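As the structure lists them, so they are numbered: ligands from 1, and atoms in each ligand from 1. Keep in mind that this is a model prediction, so the values were computed, not measured.
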Amino acid sequence: MSGWLAIAGLGPGSDALVTPEVTAALAEATDIVGYIPYVARVAPRPGLTLHASDNRVELDRAAHALALAAAGRRVVVVSSGDPGVFAMASAVFEAVEAGPEAWRDLDIRVLPGITAMLAAAARAGAPLGHDFCAINLSDNLKPWALVEKRLRLSVEADFAMAFYNPRSQARPEGFARALTLLQSLCADARPVIFARAVTTPEETIRVVPLPEARPEMADMRTMVIVGSSLTRIIPRAAAPIVYTPRSAPE
Ligand SMILES: C[S@@+](CC[C@H](N)C(=O)[O-])C[C@H]1O[C@@H](n2cnc3c(N)ncnc32)[C@H](O)[C@@H]1O
């Protein structure tokens, strides 16, 4: 029997946001591989083996999944959101490139999911309606100086910015530094969205002007979206609508 490997995104949390394509792959799988909380989102059933591992072992996990597929198993590597956004798809391809030649001939598919950035933006309105960038604020896999450089250039280019991994418990100081930098670079009161645990029962959405944004408003379950200089707020009795107009002036 020929095995295959699907690298699938489970979306931001709600079952309603798992794509039918991903649901079908999970139904055909013999093995699920991934970080403990993501594997826990897959219902156990007879004939399905769950391989949950710690977040720090991405490349080992990718190699394990590839070895299972090479042995004829039908393997789904699960990520939250989209698997190509700060997640397992790149780790699998790094393992393919470094691994045995035979892994290059495996049937490997990337099944997209709804990334947290898009789910968070939709909850607030349309803050990413004009040009924007996405930055992973964790300095686990890159130097902090590079994060700062990208923040500076994003402000200069007047992008709206979506921040993943804003504030880990182990290194909370990074987000404080990022906010201080943004507050010094942007003289305006552009909106900042703190969207936590979006599409889960714990969801909270908070919108504050940049000068009032504080590091403790974010944790590792939060997406932070900082508007561009053009991003607007429509106040209303319900939660405000945050949007960035489609056009930028000459
Ligand atoms: C390692 S990244 C993985 C991103 C994922 N692949 C995606 O496409 O959404 C984890 C970060 O995504 C964000 N995130 C994931 N799920 C979220 C949710 N339901 N609500 C808000 N942010 C979320 C948080 O910033 C978290 O620190």
Interfacing atoms of ligand 1 (cut-off 4.0 Å, heavy-atom, Thr115): 7 (C), 8 (O), 9 (O)
Closest to atom 15 (C) of ligand 1 among protein heavy atoms sits Ala116 CB, 3.6 Å
Can a side-chain donor-acceptor contact be found between Ser228 and Thr244 if the only test is distance below 3.5 angstrom? no
Considering the heavy atoms of Pro166, write down every atom of ligand 1 situated less than 4.0 Å from one of them. 25 (O)
Purely on distance, is any nitrogen or oxygen of Thr222 under 3.5 Å from one on ligand 1? yes
Quick one: salt bridge (charged side-chain N to carboxylate O under 4.0 Å, His left out) pairs with a partner in residues 91-100, sequence neighbours left out? none
Selected option - heavy-atom contact closest to atom 20 (N) of ligand 1, from Thr200, Val198, Asp219: Val198
Would you say the side-chain atoms of Gln183 pair up with the backbone N or O of Ala213, donor to acceptor, closer than 3.5 Å? yes
Report yes if some N/O of Val85 lies less than 3.5 Å from some N/O of ligand 1; otherwise report no. yes
Show which atoms of ligand 1 fall inside a sub-4.0 Å distance from at least one heavy-atom site of Met220. 24 (C), 26 (C), 27 (O)
Please identify which atoms of ligand 1 are closer than 4.0 Å to at least one heavy atom of Ala195. 21 (C)
Below 4.0 angstrom from a heavy atom of Ser80, which ligand 1 atoms are there? Numbered from 1 as shown, please. 5 (C), 6 (N), 7 (C), 8 (O)
When you measure from atom 12 (O) of ligand 1 to every protein heavy atom, which one gives the shortest distance, and what is it? Tyr164 CD2, 3.5 Å
With heavy atoms and a 4.0 Å threshold, my read on which part of Arg221 contacts ligand 1 is backbone
For ligand 1, is any non-hydrogen atom under 4.0 Å from Ala119's backbone (N, CA, C, O), its side chain (CB onward), both, or neither? neither
For a quick check under 3.5 Å, do Ser229 and Asp158 share a side-chain donor-acceptor pair by atom type? yes
Give the residue, atom name and distance (to 0.1 Å) of the protein heavy atom nearest atom 3 (C) of ligand 1. Phe86 O, 3.7 Å
Among non-hydrogen protein atoms, atom 19 (N) of ligand 1 lies closest to Pro12 O, 2.8 Å
Closer than 4.0 Å to some heavy atom of Ala87 - which atoms of ligand 1 meet that? 6 (N)
Is the closest heavy atom of Ala197 to ligand 1 under 4.0 Å? yes
salt_bridge(Arg167, Asp219) N-O dist < 4.0 Å: no
Go through Met217 and Thr222 one step at a time and tell me if the side chain to side chain contact (heavy atoms under 4.5 Å, CB included) criterion holds. CA-CA 9 Å; Met217 292 175 180; Thr222 309; over 6 Å; no
Answer yes if the side chains of Arg61 and Ser53 hold a donor-acceptor pair under 3.5 Å, and no otherwise. yes
Is Asp82 close to ligand 1, meaning an N/O of one under 3.5 Å from an N/O of the other? yes
Where do Met220 and Asn165 land on the side chain to side chain contact (heavy atoms under 4.5 Å, CB included) test, with the steps shown first? CA-CA 5 Å; Met220 281 306 279; Asn165 287 311; 2.8 Å; yes
Without hydrogens or angle criteria, can the side chains of Tyr164 and Thr115 be said to hold a donor-acceptor pair below 3.5 Å? yes
Using distance alone, decide if ligand 1 has a nitrogen or oxygen within less than 3.5 Å of any nitrogen or oxygen in Asn165. yes
Arg45 (side chain) donor-acceptor with Ala27 (main chain) under 3.5 angstrom: yes
Between the side chain of Asp82 and the main-chain N/O of Gly113, is any donor-acceptor distance below 3.5 Å? yes
